[in-house]
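Report on the structure given below.
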Amino acid sequence: MSEKERTQVLADRRIQTLIVLVVLSLLLAYTMGIKFGIEFEGGTRIPITLEKRVSQETMSEIVNIVKTRVSKFGLTQVVVRGVGETQIYVEVPKSDSSLVSEIERIVKKEGNYEGVVDGRLAVDGRDIIPGSIRPEGVQVSGSRVTWSIGFAINHEAAKKFSDVVFGKANYPVYMFLDRPEDSFVLISSERLRGNKSISDSDALDMARAAGVRDSDAIYILLLDNWEQEKAAIPNYNFTNNSKAIVSEDTPESVLNDLKAFNFTIVKKTPAEMTPEYNLAGERRFVEKWPAIGLLSAPVLSPGLTKGTAGQFYSINGPATGATQSEQILNAEKEMRDLKSILSGGALPVRVILGSSTTIPAPLGAEFLRYSIIGLACALFAVVILVVARYRHPKLILPIMLISLAELTILICIMGSVGTIDLSAIAGIMAAIGTSVDAQIIVTDELTKKGSQEGTRRKLEKAFSIITTNALVAICAVVPLLFSGLIETIGFATTLTLGYALGVFITRPAYGVIAGRILEGDEAK
Amino acid sequence: MELPNIYKIWDYRVLMAVPLALILISLYFIPQIPKGIDFKGGILITLQTNSSVDEEAIRSSLSGIGVKDVVLSSYTHPFGTTVEIEIEQNQFLAEAEKSRIPFSDRYDEVIDLEYQKTTMELEIEQNSSLASKYEARLKDVNAQLAQKREEMNAHALTILSNCGQVLGRQIDIQPGSTKELQDQVDKVYLEATETYNRRILGALSGSVQFSSYSFANVMPSLSEYFISKVFQIFVISTVLVVIVVFAVFRTFVPSLAVLSGAFADVLIAMGAMGLFGIPLTLSSFAALLMLVGFSLDTDMLLTMRVIKRREGTAKERAYEAMKTGITMSSATILSFSVLFALALITHISTYYQIAAVAICGLFGDIIATWFFNAVIVLWYAEKREKKP
């Protein structure tokens, strides 16, 4: 192409759109990184089968719970995804059998729920009658939105409960899930204040109050006075089994000091270490402190029981949120969370862990290498075929560039937003095929002899065929996309994306370039 | 190389014989399509080993624990040898698994009814005047409870007795609370599954030394789920495609021609699957759907060129379209052949299934479009041309 033609082409909007898209996708891939399936990265896939079919909503709930639990244990690169209605895959990039049993433990665990009132254990998870934990619904009265959840405890526990809560109206029930025993928290005063304008001594008092359960207390040690606290440690009843709950950003020197005492160090994120306070009512208390397993502290209102001998209890509270609809949503979430806590953090549905599949990383890398070579070969081969058929060697470059552009966009988008797994690669291969097919249609139309029509008209004809084709092909494949069949979603997505890209961006761009080349040739 | 214009050579209707024959042959082979593990259920064991593989030894050791239906394949790569063993599901475990979801459903119902019963009884204890008010409801709940509990226990017994068969001992329902029953059922089921897996591994380690293994277990509930999902997808796909094709062409005969061309193509591809033993799995099913798109590509090209264009005669337009169409198909066949070669090198079954179905389907498409669809379209177009 001559210099003039080249500038004309580059100025064309369609070409510019294509270039912009390629650059954007590369940027996307660069910032978000390209994710590969475990078939390429190597790793372990653990299938979790749910005991019963669940709705999409419950499925995403479960996926989130599993994700949170697994990542809490420091397993950061874990992918958890729902498969259909009854399965969840947990994928870890390492191939390690101890890791698998670790995940098994994490997923299956049913934690220990404890309700503590005024320093005494009021109710234990085992006392709750299964099936009795019921969200009682969201109530809207005027501008206030409240949620309420009820549960029942067995006969024997009821007596103990009523003893403990006697006279404690409007006291908080500290709801713990896996409350650590024989431990202390090492925290800075600033973090202990938790962004509230309260005094250090107030914060300390509330924190201490939350940590007492009969004879076991969770002590609070202040990082600010570490030297003094350190010296006072022998005065506590700590043992070799005592746990030090610290933040991840604790200085190394302090950690070494703790290790010298033989404490078990439990690290929590800064967010988990920060307590949340309820300063609204006449009673002020710590409402939430994930670092010690305190997940909620609703106010117990025994006056609202179901009118029976203290076996049925109801917990309620106000919902937060800016608008009423937001409050209602938050209320429902609060009820779900509480139900989960009362159930010992058990998943809404019982699960069975299937046996894991392992792909060794070197094997996966080999698969990837071959797949990429395969893609390149396919692209090369089809381009040669097109050029040989239409005998316009000048078309080699445009076809290659356009197909390459399309491939780049496809891979970048799939890799950063989705995952590149085996079925995605197969889909990309198919997309190469369809891309070239469409280019053939355009080239064919443009090289037709004996036609008096202008380039534009020819291109229009070609595009109408291409567009209709794409539409029908997408219709055939789209149901796969929404089916939830993980095995084939990569395939369906790349195909659909490929078709769509073709219709809107790459084909028109190719049409512009090819049109100019062939026009130029004809004119000579 | 110039292809002759087949439409001008003879009475082109004769060409129909080829696709019709192919379709008949395909219909014969379709029942022979092997079902992949996704739809058949079963256990797929993958072993990595660095030593040699004696297939006979593996088969006989598996047959020793009662596993007869074994599909074995092994392939070597730079890091050793991978052995894939596909066996059928243990019939007892399969029976037990089928009862798990019904058991769980009944369990939930029983727990709910028990709660209702306890609530009412407690309230009556406090306030005896409520006894008469609750009498009818209590009777009803008790009746339902008895029935649901019986059903639940029946399912529990199925699970326990089948698991017992695997574990080699008789297992009965242990007396206790409903929750304890659930715990027992879960524990026994897990034990039975793990025991059976260990048994398989034990048999295998006797005949091959492996460094790592993995199990993929497709239980009946999962394969049933896949089958019903796939059927659903197929129906929705078909409906969508039919609607769009009719919307584009707006005339009956050409739309029908295009659709029947696509349908014929899929049939021929499935016949090839039966003939060459390409298994029907989720991947090959996806490839069949993709074929619909490819097939419609060429069908549409043909139909639009012949019917909606005016230059030359219908036969000439059909011929030109055929040349373009065959180029398109060749290009796609070429790219899938590369995928196929890739599959042979890496032994990745996903690649193999998709590539094989695509290649067979594309060859079938050439026949279906240019020998079947073209005849119908040409007939229609020439009929229209004759009209004043």
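Predicted model, so just to flag it, every value in this text is computed and none were measured. Residue numbering restarts at 1 for every chain, and letters A, B, ... go by the order of the sequence lines.
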Minimum heavy-atom separation for A:T488 and B:L282, please, with both atom names.
CG2-O, 3.4 Å
Residue selection (most heavy-atom pairs with chain A, distance under 4.5 Å) from B:T298, B:D299, B:D297, B:I345:
B:D297
Of all heavy-atom pairs between B:L339 and A:M429, which one has the smallest distance, and what is that distance?
CD1-CE, 3.6 Å
Atom CD1 in B:I348, atom OG in A:S371: separation rounded to 0.5 Å?
5.0 Å
Is it the backbone or the side chain of A:E366 that comes under 4.5 Å from a heavy atom of chain B, or both, or neither?
side chain
From CG (B:L342) to CG (A:L375), nearest 0.5 Å
8.0 Å
Separation of A:I441 CD1 from B:M300 CE (nearest 0.5 Å):
10.0 Å
Near B:F263 CZ, under 6.0 Å, is it more than 12 heavy atoms from other residues, nucleotides or ligands?
no
Proximity breakdown for A:D437 and chain B, heavy-atom pairs closer than 4.5 Å:
both
Most heavy-atom pairs under 4.5 Å with chain A, out of B:E194, B:Q48, B:Q182, B:H347, belong to B:Q182
Rounded to the nearest 0.5 Å, what separates atom OH in B:Y351 from atom CD1 in A:I425?
4.5 Å
Engaged part of A:Y499 at the chain B interface, taking heavy atoms whose separation is under 4.5 Å:
side chain
Apply side-chain contact (heavy atoms from CB on, under 4.5 Å) to residues A:D444 and B:M328 and explain how you reach the verdict.
CA-CA 10 Å; A:D444 202 77; B:M328 283 163 66; over 6 Å; no
Looking at every heavy atom in both B:V338 and A:C377, which two are closest together, and how far apart are they?
CG1-CB, 4.0 Å
Which atoms of A:L385 come close to chain B, meaning under 4.5 Å heavy atom to heavy atom: side chain ones, backbone ones, both, or neither?
side chain
Which heavy atom of B:S237 sits nearest a heavy atom of A:C475, and at what distance?
OG-O, 4.0 Å
Inspect the surroundings of OH in B:Y75 and state if more than 12 heavy atoms from other residues, nucleotides or ligands are less than 6.0 Å away.
yes
Which portion of A:T468 sits near chain B, non-hydrogen atoms under 4.5 angstrom
both
Measure distances from A:A476 to the heavy atoms of chain B and classify the residue's part below 4.5 Å as side chain, backbone, both or neither.
both
Is it the backbone or the side chain of A:F491 that comes under 4.5 Å from a heavy atom of chain B, or both, or neither?
side chain
Chain A contact via B:D186 - side chain, backbone, both or neither, heavy atoms under 4.5 Å:
side chain
Heavy-atom pairs under 4.5 Å with chain A, option from B:I233, B:I101, B:L240 with the top count:
B:I233
Taking side chain as everything from C-beta outward and backbone as N, CA, C, O, which of these in B:D108 sits under 4.5 Å from a heavy atom of chain A? Side chain, backbone, both or neither.
side chain
Selection from B:I333, B:V292, B:T327, B:I354 maximising heavy-atom pairs under 4.5 Å formed with chain A
B:T327
Side chain, backbone, both or neither: which part of A:T443 has an atom under 4.5 Å from a heavy atom of chain B?
neither
Using non-hydrogen atoms only, which part of B:I236 is less than 4.5 Å away from chain A: side chain, backbone, both, or neither?
both
Exercise: identify the closest heavy-atom pair between B:A331 and A:V436:
CB-CG1, 3.9 Å
Side chain / backbone / both / neither for A:I465 at chain B, heavy atoms under 4.5 Å
both
Quick one: pull up OG1 in B:T346 and OH in A:Y370 and give me the separation to the nearest 0.5 Å.
9.0 Å
Distance col, row A:L422:CG vs B:S349:OG, nearest 0.5 angstrom, shows 8.0 Å
